[in-house]
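Worth knowing before you read on, the calculation uses all heavy atoms, side chains too, and leaves out hydrogens, waters and symmetry mates. Residue numbers count from 1 along this sequence. Remember, predicted model here, so these are calculated numbers, not experimental data.
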Amino acid sequence: MKVIKCEMCGSSDLVKQDGVFVCQSCGLKYSTEEIKKLMIEGTVDVSGSTVKVDTTDELENLYQIARRAKNDNNKANAAKYYDMIMVKDPTSWEAAFFSVYFTAMNCVVARLQSAAISVSNCEESVLGLIRDFVPKEEQAAAVEEVMKYSILAATNLTAGAKSHYDGISSDIRNEYTQEYLNNVWAAKDIAYTCGNQIDTIFGDNGEIGEYAVDAWKTGIAIHETIIPRLADKAGSKSTIDSYYKKISKYDRNCAEKHFFENEKKQLESEIERIKLEIPRKTVKNPGFLRGFFIAGVISCVIIAILSITVDMWGFAIFMLGIAGAGGYIANTIPKVVENNKTIVEQLKTELAEKEAELKKLLEENK
């Protein structure tokens with residue numbers, strides 16, 4: 001590879017000005033003949049106003065080293081060499097993505113949330129680079145790779161967050177629950193964002209757009225693991241439903257199965273609730289209740305008569321209280337019984353309707 005380097009400072013940034021080439025680092029000037037003498041193995045274009053150095057071989061070497069580190073999962077080296085590629089080739093989607101990816105994968109637990117956010121934030125620009133600079137016939141493979149590694153990042157960071165949380169002593173674990181939720185929330189957003197951007201940028205291309213489905217499914221699976229711990233469970237379930245609606249664009253069967261299962265569980269829950277409520281509202285023997293009350297009153301009267309010689313006024317007050325309570329209960333029981341009968345009939349009607357809905361739903365989804 002031919003490279004021009006300034007004899008004074010070693011810089012290769014030389015610009016032609018007024019017939020001579022000027023080093024932009026130290027200011028040293030060279031004639032065209034002197035520039036040719038500085039060439040070291042390779043092709044250098046000195047015809048224009050800027051010296052253009054062919055760095056193809058150097059880039060190929062960097063890619064080879066970076067990919068070897070990627071395949072070996074050497075996070076530090078992969079991040080380092082992809083960063084170097086980014087400086088030399090800002091249009092490289094591979095360098096733009098994996099420099100961020102491997103930096104995030106090399107993070108400590110304390111920075112897990114910010115690492116996950118950094119991956120989410122780069123996905124739009126990375127997929128944009130694929131659209132703008134990768135040949136059409138190679139775009140699907142590039143998008144698939146971004147999708148797969150985004151899913152890997154989301155699942156690995158989730159697993160790391162859970163492992164750390166589970167390893168905390170049970171005595172103080174509750175103090176770290178919100179941190180755990182924040183970490184997992186950020187990790188699942190990697191998958192959601194990847195799917196969203198694939199759909200937005202490549203949605204018109206069905207073959208590529210379909211890669212969004214696997215990303216969305218991963219986001220949903222991670223999301224569902226933390227719903228029991230979230231304050232806004234209904235909001236999260238609504239969000240998951242919205243992603244299944246997006247999935248229906250590419251995989252209608254998957255979405256329909258989800259909504260069928262949701263409706264089935266809802267009907268089964270309502271049927272169970274009604275079945276438990278009917279016995280509670282059913283008064284099996286109101287006559288027995290009245291008889292029990294009358295027997296109690298008679299017993300109280302006998303006891304009061306036996307003690308009349310001790311306290312006549314106390315007996316009178318006692319009897320008035322018993323009479324008042326008896327009148328209230330005797331008047332209330334029939335109303336309660338009648339009201340409960342009405343409620344039970346309504347519940348039975350509702351139960352029949354729900355069971356019919358469930359039967360119809362199951363028949364339609366055989």
Side-chain angles (χ1 to χ4, degrees), residues 113 116-117 119-124 126-127 130-131 140 143-159 161-162 180-273 354-366:
Q113 182 182 5
I117 291 172
V119 178
S120 295
N121 287 345
C122 83
E123 289 172 319
E124 180 180 3
V126 167
L127 291 165
I130 293 173
R131 176 197 60 204
V143 172
E144 183 181 17
E145 187 166 7
V146 171
M147 178 271 292
K148 287 182 176 179
Y149 275 93
S150 291
I151 288 175
L152 192 60
T155 53
N156 283 349
L157 291 175
T158 297
K162 187 176 188 306
Y180 164 68
L181 293 176
N182 291 344
N183 288 340
V184 176
W185 190 272
K188 63 102 174 113
D189 277 347
I190 294 174
Y192 277 163
T193 302
C194 181
N196 292 343
Q197 294 303 329
I198 291 174
D199 181 49
T200 298
I201 297 173
F202 295 99
D204 293 337
N205 184 326
E207 178 191 358
I208 299 178
E210 287 181 358
Y211 289 127
V213 174
D214 285 340
W216 284 330
K217 286 181 179 178
T218 300
I220 289 169
I222 294 172
H223 200 163
E224 288 177 335
T225 65
I226 58 172
I227 285 181
R229 298 176 182 272
L230 298 176
D232 186 11
K233 295 178 179 61
S236 281
K237 288 178 181 178
S238 178
T239 297
I240 288 173
D241 284 346
S242 72
Y243 276 101
Y244 272 108
K245 288 178 182 176
K246 291 183 177 185
I247 288 173
S248 68
K249 176 180 177 181
Y250 304 100
D251 188 347
R252 181 173 293 277
N253 289 337
C254 174
E256 287 179 348
K257 182 179 179 181
H258 165 76
F259 290 113
F260 159 71
E261 290 294 338
N262 270 5
E263 190 174 357
K264 178 173 171 285
K265 287 179 183 178
Q266 181 65 29
L267 285 170
E268 289 174 340
S269 176
E270 291 176 0
I271 289 170
E272 184 64 23
R273 174 188 62 80
K354 296 297 180 184
E355 287 178 333
E357 285 183 46
L358 179 59
K359 181 180 179 181
K360 180 180 179 183
L361 179 68
L362 294 174
E363 288 176 349
E364 290 175 345
N365 289 273
K366 283 182 179 179

side-chain contact (heavy atoms from CB on, under 4.5 Å), paired with Ile198, selected from Val143, Val213, Asn205, Ile130:
Val143
Heavy-atom closest pair (Cys254 atom, Lys217 atom, distance to 0.1 Å) is SG-CE, 3.5 Å
Pairwise distance CD1(Ile247) to CD1(Ile240) - rounded to 0.5 angstrom:
10.5 Å
So, do Tyr149 and Val119 sit near enough that their side-chain heavy atoms are less than 4.5 Å apart?
no
Just jot down the side chain to side chain contact (heavy atoms under 4.5 Å, CB included) partners of Ala215, sequence neighbours excluded, or say none.
Met147, Cys194
If only atom types and distance count, is the side chain of Thr239 paired as donor or acceptor with the main-chain N or O of Gly235 below 3.5 Å?
yes
Can you give me the closest heavy-atom contact between Thr225 and Pro228, atom names plus distance?
O-CD, 3.9 Å
Kindly indicate whether the side chain of Ile222, heavy atoms from C-beta on, has any atom under 4.5 Å from the side chain of Val184.
yes
Looking at Lys237, I want to see if its NZ is surrounded by more than 12 non-hydrogen atoms of other residues, nucleotides or ligands under 6.0 Å.
no
What closest approach, in Å, do Glu207 and Ala140 show between heavy atoms, and which atom pair accounts for it?
OE2-CB, 3.9 Å
Going from NZ on Lys257 to CG on Asn253, what distance comes out if it is rounded to the nearest 0.5 angstrom?
10.0 Å
Return the minimal non-hydrogen interatomic distance between Ile190 and Ala116, and the atom names on each side.
CG1-O, 3.5 Å
Value for OG1 (Thr193) from CG (Asn121), rounded to nearest 0.5 Å, stands at 8.0 Å
Going through the checks in order, is the side chain to side chain contact (heavy atoms under 4.5 Å, CB included) test met by Tyr192 and Ile220?
CA-CA 8 Å; Tyr192 277 163; Ile220 289 169; 3.8 Å; yes
If you count every heavy atom of other residues, nucleotides or ligands that lies below 6.0 Å from Asp204 atom CG, does the total exceed 12?
no
Is any side-chain heavy atom of Lys246 closer than 4.5 Å to one of Asn196?
yes
Indicate yes or no: at least one non-hydrogen side-chain atom of Lys359 is less than 4.5 angstrom from one of Glu355.
no
Would you check if the side chain of Ser248 reaches a backbone N or O of Lys245 as a donor-acceptor pair within less than 3.5 Å?
yes
Heavy-atom side-chain contact between Val146 and Tyr211 under 4.5 Å
no
In terms of heavy-atom contacts, does NZ of Lys249 have more than 12 from other residues, nucleotides or ligands at under 6.0 Å?
yes
To the nearest 0.5 Å, atom OG of Ser269 lies from atom NZ of Lys264 at 12.0 Å
Would you give the length of the straight line joining atom CD of Gln113 to atom CG of Asp189, rounded to the nearest 0.5 angstrom?
10.0 Å
To the nearest 0.5 Å, what is the distance between CD1 (Ile201) and CZ (Arg131)?
5.5 Å
Residue set satisfying side-chain hydrogen bond (donor to acceptor under 3.5 Å, both in side chains) with Ser236, at least two apart, ordered chain then number -> His223
Is Lys233 atom NZ crowded by more than 12 heavy atoms from other residues, nucleotides or ligands, each under 6.0 Å away?
yes
Non-hydrogen atoms of Ile151 and Asp214 that approach each other most closely:
CD1-O, 3.7 Å
